[in-house]
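Scroll down for the structure; my scribbles are underneath it.
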Amino acid sequence: MAELKFKPVRHSHKEFLAKAATRKGFVEAYDALALEYQVASQMLKARSRAGLTQDAVAERMGTTKSAVSRLESAGKHAPSLATLKRYAQAVGCELQVKLVPQKTA
């Protein structure tokens, strides 16, 4: 086996969030994107369960790998319900959307 010419960088998401949370405004900004992060996480898990690459999902959706990458990232892009439905079908899922009453204090 060939020797690696680079050293992989260890990354701990929990440590990253703990450090980032000390920056002014981070917690508010992060919390504002909570729904987007949840959707992106569900998308990644569904694709992983299906054993598909972004290329394979893109082919099934009739789009590009970069478009799938944008869909799976949270924050900058808000996909339409039609696009989410196509993604869900591509990874062997169905899209369900529900409105849940807010909890009162």
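Source: prediction; values computed, not measured. Values reported hereafter were calculated over all heavy atoms of this structure, with side chains retained and with hydrogens, waters and symmetry mates removed.
- Under the rule for a side-chain contact (heavy atoms from CB on, under 4.5 Å), the partners of H11 that lie at least two apart in sequence or sit in another chain are H13, F16.
- The stretch residues 42-54 participates, sequence neighbours left out, in these salt bridge (charged side-chain N to carboxylate O under 4.0 Å, His left out) pairs: R47-E72.
- Annotation: ring-ring contact (aromatic ring centres under 6.0 Å, His included) contacts of Y30 (sequence neighbours excluded): F26, Y37.
- Contact between S73 and A40 at its shortest, heavy atoms only, is C-CB, 4.5 Å.
- If you chain together ILVMFWY residues whose side-chain heavy atoms come under 4.5 Å of each other, V100 ends up in a group of its own.
- Taking Ile, Leu, Val, Met, Phe, Trp and Tyr as members and joining any whose side-chain heavy atoms lie under 4.5 Å apart, directly or through other members, the hydrophobic cluster of V97 also contains L35, V39, M43, L52, V57, M61, V68, L71, L81, L84, Y87, V91, L95.
- Partners of S80 under the side-chain contact (heavy atoms from CB on, under 4.5 Å) rule, at least two apart in sequence or in another chain, are A82, T83.
- Applying the salt bridge (charged side-chain N to carboxylate O under 4.0 Å, His left out) definition to pairs two or more places apart or across chains, none involves residues 56-71.
- Listed by first and then second residue, the salt bridge (charged side-chain N to carboxylate O under 4.0 Å, His left out) pairs involving residues 20-32 amount to none (not counting sequence neighbours).
- With sequence neighbours left out, E15 forms a side chain to side chain donor-acceptor pair (under 3.5 Å) with R10.
- Partners of T22 under the side-chain contact (heavy atoms from CB on, under 4.5 Å) rule, at least two apart in sequence or in another chain, do not exist in this structure.
- Take S69 and apply the side-chain contact (heavy atoms from CB on, under 4.5 Å) test, not counting sequence neighbours, and it matches Q54.
- Within the structure, no pair that satisfies the salt bridge (charged side-chain N to carboxylate O under 4.0 Å, His left out) test touches residues 84-105, not counting sequence neighbours.
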